[in-house]
Amino acid sequence: MKELFPLKQVMGFAFSLVLTVVALMVYFTDMSYTMGMTVLLITAFIQAGLQVVVFMHAGETKDKRSIYVNIYYALLIALITIFGTLLVLVWDM
Amino acid sequence: MKVDNSLPLEYSTEENNLKILGFWIFIGAEIMLFATLFTAYFTLENRTGNGPTGAEIFEITPVLIETILLLTSSFTIGLAIHAMRLNRKKAMMGFFTITLILGTAFLGVEIYEFTHYVHVGAGLQTSAFTAALLTTLGTHGLHVTLGLFWGLFILLQIKKRGLTPETANKSFIFSLYWHFLDIIWIFIFSFIYLKGMM
Amino acid sequence: MKLKMKWILLTMVITITTVLTACEPLLVLDPKGPQAKTQADDIMLSIWLMLGIVIVVLAILVFVLLKYRASKQPKDYEPPHIEGSPIVEAICIGIPILIVIFLSIISVDSNYKVEATPEGYEDQEPLIIYASSSNWKWHFSYPEENIETVNYLYIPEDRAIEFKLYSYGPITSFWIPQLGGQKYAMSDMVTTLHLAADQPGEFMGRNANFSGAGFAENTFEVTAMTPVEFEEWVEEVHETASPLTSEKFEELLEPGHLGRSTYTGTHLEFSPAPEHDHGSTDNNVEEDSDIEDHETHDEEDHSNH
Amino acid sequence: MDFFDRFAVPHPSFLIYAAMVGIGLTMLAVVVGITYFKKWGYLWREWITTVDHKRIGIMYLLTALLMLFRGGVDAIMMRYQLAMPENTFLDSQHYNEVFTTHGVVMILFMAMPFIIFFFNFLVPLQIGARDVAFPRLNALSFWLFFMGMGLFNLSFIIGGSPDAGWTSYFPLAGNEFSTSVGTNYYMIAIQIAGIGTLMTGINFITTILKMRAPGMTLMKMPMFTWSAFIANVIIVFAFPVLTVLLAMGTMDRLFGTNFFTTDNGGMDMLWANLFWVWGHPEVYILILPAFGLYSEIIPTFARRNLYGYKSMVASMVVISILSFVVWAHHFFTMGQGPLTNSIFSITTMAIAIPTGVKIFNWLFTLWKGKIQFTTPMLYSILFIPLFTLGGVTGVMLAMSAADYQYHNTMFLVAHFHNVIIPGVVYAMLAGMTFYWPKIFGFMLNEKLGKWTAWLLTVGFVLAFIPMYITGLDGQARRMYTYSESTGFSLLNMVSFIGAAIMAIAFALLVYNIYYSIRYSPRNIGSDPWDARSLEWSTHTPVPEYNFAITPQVASTQAFWDSKKNGHELFKGDIEKIHMPNNSGLPFIMSCMFFVFGFAMVFSIWPVVIVSLIGILACLVYRSFEQDHGRYISVEEIKETETRLRGAKNEGR
C-alpha cells in the first residue's frame with residue numbers, strides 16, 4: 001500500500017493498452033463478423049473489469065460485496081435489456 | 001466528527017463511506033442509462049433512412065486519438081489517487097491537472113468529430129441511426145464535460161483547503177466517475193466504432 | 001353482519017353477470033373460426049383452473065378467519081412462534097410450478113397454432129388481403145381479385161385468410177373478436193395475421209389500439225359468405241365500382257370517418273405496403289447490393305448470439 | 001399574438017374554465033391565508049428547507065392524497081361518460097386527455113409518492129437510524145418530484161393536457177399526430193419527477209445497506225424494509241431507462257430527431273419496447289412495498305410472527321429479477337415471432353410462483369393466530385382474495401395466444417385495476433391508518449375506517465368485475481363512446497355506480513381525517529396497536545433524532561422481543577447526536593428545474609439557457625459549500641426525552 005511506485009496502476013495501464021491493440025486487430029485484419037464480435041466482447045469486458053478492480057479499488061472495503069453485487073446486477077439487467085430488445089425488435093420480427 | 005485513521009483519508013468518516021457506496025450505486029444506475037442508449041443504438045444501427053451508414057462516416061484516426069487520451073487520463077487519475085494516499089498533495093494535484101487537460105483534449109477531438117459528421121451530412125435529424133449515434137456519443141461527451149467542471153472545482157478546493165477527509169473523499173469519488181467514463185468509452189469504441197467499421 | 005352484506009352483494013353481482021352471459025354469448029367466447037376457437041378454449045380452460053385457485057385461497061382464508069379470530073380464542077391465548085416449514089413451503093411452490101408448466105405448454109402450443117395457417121386449411125391456397133388503417137378508417141385490398149374496399153370486409157367461409165397489416169398513421173390493432181385475436185398494424189412494417197371463418201355470418205371488427213380522436217368509431221363490418229357468393233360479389237364489384245386512382249386514395253387518407261365504399265384496383269399499385277427492411281428503402285433502390293449486405297449482416301447477428 | 005396562442009388550452013370548455021377559476025381562487029386563498037396568519041417564515045424554516053426524513057415523508061403523503069383526488073375526479077368523469085351509450089358529457093378529445101392524465105397521475109404522482117412516503121417515514125425508524133444516508137439529496141428528491149408533479153398538472157390550464165395515453169405510444173405522441181404541447185409536458189414533467197425518484201432509490205439503498213442498527217443483519221430486517229430495499233433496487237435499475245426514453249421522446253418532439261418517427265428509419269415500436277422495459281418493473285416498484293406493509297400489518301393483528309420470513313425475502317429477490325424479463329407481454333400482438341412470445345409468456349407466468357408463495361405465507365401467518373379485525377387488518381384481509389383474483393387474471397393474460405383476445409380490451413383494464421387497487425391502494429390506506437398514530441399522535445376513527453374499507457370494496461367489485469365481461473364482449477379500452485347496439489350499456493352503468501361508491505368511500509376517508517383531528521383522543525402512548533418492529537419503540541411524536549440511544553437488535557421483531565422476551569433495546573448512555581442542517585438549496589434548485597421544464601415545454605430557449613445556468617450555479621455552490629451539520633447536546637436530548645415522558649420504558 002505504501003510503496004511509492006504505483007506498480008498496480010502502471011501494469012493496469014499497460015495491459016489496457018495491449019487490449020486496445022488487440023481490439024484494433026478487428027479493424028486492421030480481415031476477420032469474419034462472428035470472430036470480430038467475439039474478440040471485441042472479450043477485450044471490452046476484460047478492460048472494463050480491469051478498470052473496476054485495479055483503478056476503482058472496488059474490493060478494498062467491507063462494502064466489497066454490496067459493490068460487486070451492484071455491478072453484477074446492473075450488468076445482468078443491462079444485458080437482458082440489450083439482448084431482449086434485439087430479440088423482440090430485430091431478430092424475431 | 002469521528003475520524004478513523006486506519007483507513008485511507010477518503011474513507012475516514014462515516015459520511016465519507018456512505019458517499020462512496022452511494023456513488024457506486026449511482027454508477028449502477030449509469031450502467032443502465034448507457035445500456036439503454038446502447039439498446040437504442042443497436043436497434044437503430046441499420047435504420048439509416050436516406051442518410052449514410054456508420055461505415056461511411058467513421059474515421060479511425062480521431063477515434064484512436066480519443067481512446068488513447070481517455071485511457072491515459074484514466075491512468076493519471078489513478079496515479080493522482082495513489083499520490084493522495086501517500087499524502088503527496090503536490091503530486092496529486094499535478095496528476096489531477098494532467099487528467100483534466102487530457103479530458104479537455106478528448107473533448108476537443110470529439111467536437112471536431114461531431115462537426116465532421118454534420119459536415120458529411122450525418123446530423124442529428126438525418127436518420128434514426130445518426131440520432132442514436134450522436135445521442136449516445138453526446139451523452140458520454142456531456143458526462144465528460146460535467147466531469148471537467150467538477151474536477152476543476154475539486155482541484156480548487158484541494159488547493160485552498162488541503163487534503164482533508166472531505167476533499168480526499170470528493171477526489172476519490174471523482175476518480176470513480178472518471179474511470180467509469182473510460183469504461184463506457186471502451187464499449188463505445190468497441191461496439192460502435194470498431195463494430196461499425198469492421 | 002357486515003360480512004353477510006358483502007356476500008349478498010357479491011352473489012348479486014355474480015347472478016347478474018351469469019344471467020347476462022346466458023342471454024347472449026360474449027363475442028370472444030363465441031368463436032366462428034378455428035383461431036378464435038383455439039383462443040376461446042384456452043380462455044375457458046384458464047378460467048376454470050384459475051377459479052379453482054381462487055376458491056382454494058378463499059377457502060383457506062375463510063377457514064383461518066373463522067377459526068382463529070380473537071373473539072373465539074381464550075383471553076390468555078398466546079399465538080405460537082412459527083418460523084416456517086420447508087415441506088409446507090415446498091408444496092406452496094411446487095403446485096404453482098406444476099400449474100405454470102401446464103399452462104406454459106398450452107400457451108406455447110396455442111401461440112404456434114395462431115401464428116400459422118389455421119388448422120384444417122393447410123392444403124388450400126390462403127386468400128391474401130392487405131388491411132391498412134388510416135386515421136380513422138380501414139382499407140382492404142384484395143390483390144388477386146383486384147378490388148379495394150373501405151370500412152367493410154367480405155370473406156369466403158372455410159378458406160384460410162392471410163391478412164397483411166400496416167398503417168398510414170399511428171399504431172392500430174386489427175381485431176375481429178369472433179374470428180381471432182388482434183395484431184398491430186404499423187407504418188414501417190407489415191405484420192401477418194392468419195384467420196378463417198368456418199361459417200357464414202356478420203362479425204364486428206375494429207381497431208383496438210388507441211389512435212387518437214376518432215378511435216372509438218374506427219370499426220368495420222365483416223361478412224363471411226359462401227365461396228360462390230364471394231365470387232359473385234367480386235364480379236359485381238368489377239362491373240359496378242369505379243377504379244381507385246392515387247388522387248382518390250389520397251382523399252381517402254385524409255383524417256376523418258367515412259362510410260363504406262368499393263373500388264376496382266388496389267392502392268398497392270401506386271402506394272405499396274412498407275417492406276420490412278430496416279427503413280432504408282430509398283437507399284436500396286439506388287444500390288441493390290445494400291439489401292444483401294443488410295440481410296447477410298442480420299443472419300450473422302443471429303448466429304453470433 | 002402568436003407567441004401567446006400556445007399557452008391557450010386548445011379545446012376549452014366550461015369545465016376547464018371553471019377549473020381554472022377554481023385553482024386560481026384556491027391558490028389565492030392559500031397565499032392570503034398564509035400571509036394573514038404570518039406563516040411564511042414557519043413554512044420556510046420547518047417545511048420547505050427541512051431535511052428531516054419524517055417531514056419530507058409527510059409532504060409526500062400530502063401530495064399523494066391531493067393527487068389521489070385529482071386522479072379520482074378523472075376516473076369518475078370517465079365512468080360517467082361511459083355509463084350511457086352515446087353520452088355527450090365529454091367529447092373525444094377531452095376523454096383522451098382525461099384517461100391520459102388519470103393514468104399518469106395515479107401511477108407516477110399518486111402511487112409513487114405514497115410508497116416513497118412510507119420509505120421516508122418508516123425505513124430509518126425501522127432500521128434504527130437517525131435519518132437517511134443523504135438527507136439533502138432526499139429533500140432534493142422530494143422537491144424535484146413535487147415540481148414535476150406541478151408542471152404536469154399545469155398542463156391542464158396552460159397549453160392543454162397530454163392526450164396520447166399514459167403510455168404515449170409513438171407515432172401518435174409524435175409531432176405529426178399530437179400537435180398541442182400536451183405531450184411535451186408529459187415528457188418533461190415526468191423526466192423531472194423521475195430524476196427525483198432515481199435519487200430516492202440511490203439514497204435508500206445506501207441507507208439500508210449502511211445505517212442499520214447494531215445487530216440488525218440483512219436477514220433480521222423488518223419485512224417492510226426488505227421490500228423497500230428491493231423496490232429501490234428496481235428503481236435504480238429501471239428509472240435510467242425512463243430517463244433515456246423520455247430524453248429521446250423530447251428530442252423527437254423538440255429537436256426533430258427520428259427515433260420514433262415514421263420516416264428516416266425511425267422505429268415506433270422502440271418506444272413501446274423501452275417504455276415497458278421501465279414500465280413493467282415500475283409496477284413491481286409499487287406492489288413490493290405494498291406487500292411489505294401487509295407483512296407488517298398481518299403479523300401485528302394476527303398477533304403472531306410472520307410465517308416464512310426467508311421465503312418472503314427470497315420471493316422478492318426473484319421478483320426483482322423476473323420483473324425485468326417480462327416486458328414484452330405488454331405487446332404480444334406486435335407481430336414478433338411465436339418464439340419471443342413463448343419466452344415472455346413463460347417468464348410472465350413464472351412471476352406468479354413467488355407471488356403465490358407470499359399469499360400462502362400471509363395465510364399461514366393468520367393460522368394459529370389471534371386475529372383482531374382493526375381497519376388496517378380489514379384492508380389486508382380484503383386484499384388477499386381480491387388480489388388473488390387480479391393475480392390469476394394476470395396469469396390468464398400471460399398466455400400469449402389468448403392475450404391476442406384480451407389485449408387492449410376492458411379485460412386488461414379490469415386486470416390491472418384489480419391488482420393495483422387491492423394491491424397498492426388498499427396497502428397505502430391500510431398503512432396510512434396503521435401508522436397514522438405514529439405520524440400525527442392520534443388514531444383515525446375505527447368505525448369510519450371500516451365503513452371506508454367496506455364501501456371501497458363494494459365499489460371496487462361493482463366497478464371493475466363488469467369490465468372483465470365487457471372486455472370479453474369486445475369493448476376496447478380508451479373508447480370514449482359506444483353505440484346502444486353493442487350491449488355494453490348495462491355493465492358500464494354498473495361500473496359507474498361502483499365508481500361512485502368508491503368516490504363516497506374516499507370522501508368518507510376525508511371526513512374521517514377531519515373527524516379524528518377534532519375528536520380523537522391524544523393520549524394514546526407510543527404503541528397503540530401493540531406492534532412488533534422498531535418504529536414503535538420510539539416516542540410519539542417521533543423526536544427529530546428518532547432514537548435517543550441507538551437500539552440493539554437481535555431478531556426480526558426486536559421491539560416485540562423487548563416487550564415479551566426481556567430483550568434490552570436501548571443500552572448505554574445518551575450521547576450528543578449529529579444532525580444535518582436545513583437547506584434551502586434543494587427547493588431553489590427544484591424551482592429552477594420547474595422554470596427550465598416550463599420553458600422547454602414551450603421552447604422558450606433563452607429561459608431554458610438561463611434556468612440551466614441557474615441549476616449549474618446551484619451545483620457549484622453546493623460543491624464549494626462547507627456544511628458539517630450540527631450537534632444536539634445531551635442536555636437538550638434529555639430535556640426532550642423527559643418532555644416526551646421518560647424515554648426507554650414508554651410504550652410497554
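Letters A, B, ... are given to chains in the order of the sequence lines, protein chains preceding strands, and every chain is numbered from 1.
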Could you tell me which portion of [X] (side chain, backbone, both or neither) has an atom closer than 4.5 angstrom to a non-hydrogen atom of chain B?
X	answer
D/F134	side chain
D/M211	side chain
D/I235	neither
D/L198	side chain
D/I202	both

query = Do the charged groups of B/K19 and B/E10 touch, with an N to O distance under 4.0 Å?
reply =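 No salt bridge links B/K19 with B/E10.
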
ask   = Can you tell me if B/Q157 and D/S623 form a side-chain donor-acceptor pair at under 3.5 Å?
value =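 Per modelled atom types, B/Q157 and D/S623 side chains form a pair under 3.5 Å.
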
task = Could you verify whether a donor N or O on one side chain and an acceptor N or O on the other, from B/T76 and B/T99, lie under 3.5 Å apart?
result =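 B/T99 and B/T76 do have a side-chain donor-acceptor pair below 3.5 Å.
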
key: Which atoms of B/T126 approach chain D - backbone, side chain, both or neither, heavy atom under 4.5 Å   =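 Contact with chain D is through the backbone of B/T126 alone.
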
message = Taking side chain as everything from C-beta outward and backbone as N, CA, C, O, which of these in B/K170 sits under 4.5 Å from a heavy atom of chain D? Side chain, backbone, both or neither.
response =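 Only the side chain of B/K170 comes within 4.5 Å of chain D.
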
key: Pairs of heavy atoms under 4.5 Å with chain B: top-ranked of D/A238, D/G201, D/G266   =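 Highest number of heavy-atom pairs under 4.5 Å: D/G266.
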
ask   = What residue, out of D/F255, D/W278, D/F239, D/F259, has the most heavy-atom pairs lying under 4.5 Å from chain B?
value =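 The candidate making the most pairs under 4.5 Å is D/F259.
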
inquiry  = Please report whether the ring centroid of B/F23 lies less than 6.0 Å from that of B/F26.
reply    =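 Ring centres of B/F23 and B/F26 closer than 6.0 Å.
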
key: Validation row, ring centre B/W150 to ring centre B/F96 under 6.0 Å   =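 Centroid distance B/W150-B/F96: not below 6.0 Å, so no.
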
task = Measure across D/V277 and D/P281 and return the closest heavy-atom pair with its distance rounded to 0.1 Å.
result =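 Taking every non-hydrogen atom into account, O-CD, 3.0 Å.
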
